[in-house]
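Just the heavy atoms: all of them, side chains too, but no hydrogens, waters or symmetry mates, feed the values below. All figures in this text were calculated on a predicted structure; none of them were measured in a lab. Naming: A, B, ... by sequence-line order, numbering from 1 per chain.
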Amino acid sequence: MLKTLFPTLGRVRFTVQILMLFLTVYGGALLGSYTVDRISQALPALSCAYDKTTGDHCILIVNQHLLHHRVGEALVNAQNFTLKVFIPVVMSVGIFFMFFFFLNKMFCGWVCPLGTVQELLYRIGRRLGRPLNRFNPKNVGRVRPVKWLMLLVLVLALPVMAGMGVVSNELGDPFCQVCPSRIATTLLTADSEQIAVRTSTTVNFALGALGNAMFGFIIIAALAARQPFCRICPLLSWNALFQKLSPMRLVKKDAHEKCEKCGVCEKACPMDIHEIGTQFGKKAFHEDCTLCGRCAEYCPDDDVIQIKFFGIRLFGSSREYYKKRVKLETPEGTQKKRVISIHPGKPKTENE
Amino acid sequence: MKNNGILIVLVLLAVSTAQAAETATRPSATMGEPGHDHAAMMRKAKTSWTLYPTLKVRMSGDSRATQVITLAPQNIVADVIEDYSNDLNDEKAHSKLPVGMGGAKFDRSAKGGFHMLAAREENGANVRVASTVYYNGERGAKNPTAMFMQQKHELEIIPQPQPREHSRYRANEDWKFMVRLNGKPLSGQKVYLETSNGSMSEFVSDAQGMFVMHVPDDFKAEEEGGQASAHNHGRRGADLVLATEYVEQGKSYLTALNSNYGPDAFDQRNLAKGAGFVLLGMLGAVPLLRKRKTEQKGEESDNA
Ligand code: SF4
Ligand code: SF4
Ligand code: SF4
């Protein structure tokens, strides 16, 4: 029964993603308006506080808020720089980590509503026969530092500087002002407020315009490129800071001869992490990994790539599984034609 | 493809600077003027916008560390303000805050989450209650529904629900409330709304004791920036009060619930321009959709 409902890890993940999309986008409407105050308030995924029916909100808004109103303001009146300032910061990072500890970057690959929206658009792009634009090993290095820059400048530095009065107050939450998840999730609740660009000040307007344009770019780009925003997402880099501290891991064998000529896992990786094919051991679990597990699904050899929790194998690559998987979908994510099995007694096999 | 990206960024910059020039002139005309702030303060000091009893929440102090929250009863005489925290199991769930000069001091170390605050005045056959809700921003707040529903007075107006943290009542929004007498929903009861911007309206509760408050859109353009402070993130705001009266067995009850509210969601926003920028971004990504002749896996461009 479970096997027919969830024939692949991909199907399990897709189901979780849809459930999480409902929780993060409509959770407040489904579970009661106060839900948002009661789960984590520091989620390691871009669940948006601006969505009026959200079930929880991301850690980035908390970081910006605390750095702006507590840390920044306290730095100005140095005499007030007491423990009081740090307690809320430590608390929110602590709660973030309590959640992050168990799932690690699965919060990206399995929970984040913006991650899911981008994936759904990519699926539509496959149906429409759009090409796949991807980064090759030579140029992927150019985009990777951007996520660190986004984190450093928009989430950490500017809010502190705004609190200190070095830059204007409107720069207290600069990432929220450009965040595409804010627009995507509110639009999903039929709320057009966030797409209406703020005109109150020049800074608000400029950031809003940039955010809107980036949102527009992403939703079209996602039809022909995988996870375009994730590449520069500051939550990806924030999460990467903690990814080595969680027992949920992507584990690759220390050596496997065939990898050099194979590279199927690289093709399957939505984040263009070529290291998953070229590196081994710990180095294969890259800072950009979202723990989607596709590489493990598409590795054609037994247990070369595994997802482990406290060393316990949750899923591992296998030849058998690979053969079944590629019949349903290419590593690049194109669904194969529906196959009706003509074997007597066997029900038809369905694709996702 | 790369040139395309650069072009888009340039266009974006050009358009936003043009808009910047347009908006830059507007706030400076109203803000920077010291006289304007003074006018706002005068307005704040004048409490006669309503005759109903209210509890005004005032914040003073520049930073969080020095912030003091004072609850000032207006149009009502009370020695204490009752404070109900949303954690009913806590022994300090219900406390009494003494009213001194200028009001009662809210205990910031009190439990986090929503607090229902009320001042009560009993004068022979007249019972008057002023109430408001304050959110004490702390982590791990309990669901406040049970606290809101717990009976505290004879006649009550209860938010269904209260706007959550970081949101509030805004012009043109509809919010539900329940009106109760002795813990039972009161149907057909008239509830009056007054705002410090001068609007008045009335609502009638249905069979379940529920009524819908439509927040009036009564902010005037020239008030831009008025009452804005660091605490409300520079947002404009005004006060509203809902009040209802009931006479039973020779006793008369008057209960009011007051709150702050803000301008319309689209105030100082522009939908058309917003949509324009989205479209611009979409156009920028269109080249990615084209199939290349050779269909080779080539470069990818990103707007980063
Ligand atoms: S705008 Fe983005 S960063 Fe801000 S709360 Fe929403 S999802 Fe989080
Ligand atoms: S990297 Fe992608 S999936 Fe992860 S938080 Fe950012 S948008 Fe969401
Ligand atoms: S390395 Fe594997 S698990 Fe990580 S993002 Fe790529 S395919 Fe997903």
Side-chain angles (χ1 to χ4, degrees), chain A residues 28 32-34 36-38 41 49 52 69-70 73-74 77 80 82 84-85 88 91-92 95 125 129-136 139 143 146 169 172 183 192-193 195-202 205-206 208-210 212-221 223-225 228 231-232 272, chain B residues 8 12 15-17 19-21 23-24 26-27 62-66 113-114 139-145 161-162 164-167 230 233-234 265-266 268-286 288-292 295 297-304:
Chain A
S33 140
Y34 306 114
V36 67
D37 297 334
R38 303 180 52 233
Q41 292 185 286
K52 295 192 190 84
H69 291 294
R70 302 250 174 154
E73 283 171 12
N77 332 327
N80 288 332
T82 53
K84 251 189 170 169
V85 175
M91 279 272 279
S92 62
I95 291 180
R130 292 304 92 205
L132 165 59
N133 296 272
R134 53 185 319 181
F135 287 101
N136 60 41
N139 61 18
V143 71
V146 180
N169 242 329
I183 303 175
S192 57
E193 178 186 341
I195 215 166
V197 67
R198 284 166 69 182
T199 54
S200 40
T201 70
T202 314
F205 181 79
L210 193 71
N212 279 24
M214 185 158 75
F215 169 76
F217 183 91
I218 286 159
I219 53 172
I220 295 301
L223 294 167
R231 320 302 179 105
I232 61 164
D272 295 330
Chain B
I8 298 291
L12 282 179
V15 180
S16 56
T17 6
Q19 164 71 21
T23 46
R26 207 150 36 95
D62 296 329
S63 73
R64 278 193 94 102
T66 57
F114 289 100
R139 194 160 286 284
K142 294 266 187 315
N143 186 334
T145 310
Q162 171 74 17
R164 61 179 169 85
E165 191 192 3
H166 291 133
S167 76
H233 304 272
F266 287 90
Q268 305 194 333
R269 281 183 183 273
N270 189 315
L271 187 58
K273 282 180 188 157
F277 282 105
V278 172
L279 262 174
L280 214 61
M282 290 169 107
L283 283 176
V286 165
L288 291 175
L289 298 180
R290 275 204 305 260
K291 282 200 178 157
R292 262 152 292 161
E295 231 343 16
K297 310 263 178 296
E299 294 231 332
E300 124 109 82
S301 93
D302 205 300
N303 68 334

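The candidate with the highest count of non-hydrogen atom pairs below 4.5 Å against chain A, out of B:Thr145, B:Val278, B:Val286, is B:Val278. Of the listed residues (A:Gly125, A:Ser33, A:Gly208), the one with the most heavy-atom contacts under 4.5 Å to chain B is A:Ser33.
Under the side-chain contact (heavy atoms from CB on, under 4.5 Å) criterion, A:Leu223 pairs with A:Leu121, A:Ile124, A:Ile220, B:Leu289, not counting sequence neighbours. Residues forming a side-chain contact (heavy atoms from CB on, under 4.5 Å) with B:Asn270 (at least two apart in sequence, or on another chain): A:Val197, A:Thr199, B:Ala272, B:Lys273.
Inter-residue side-chain proximity for A:Lys52 and B:Ser167 is flagged as unmet; no heavy-atom pair is nearer than 4.5 Å.
No donor-acceptor distance shorter than 3.5 angstrom exists from the side chain of A:Asp272 to the backbone of A:Arg134, with no hydrogens or angles considered.
Heavy-atom distances place the backbone of B:Ala275, and not its side chain, under 4.5 Å from chain A. Proximity to chain B is limited to the side chain of A:Ile219, based on heavy atoms less than 4.5 angstrom apart.
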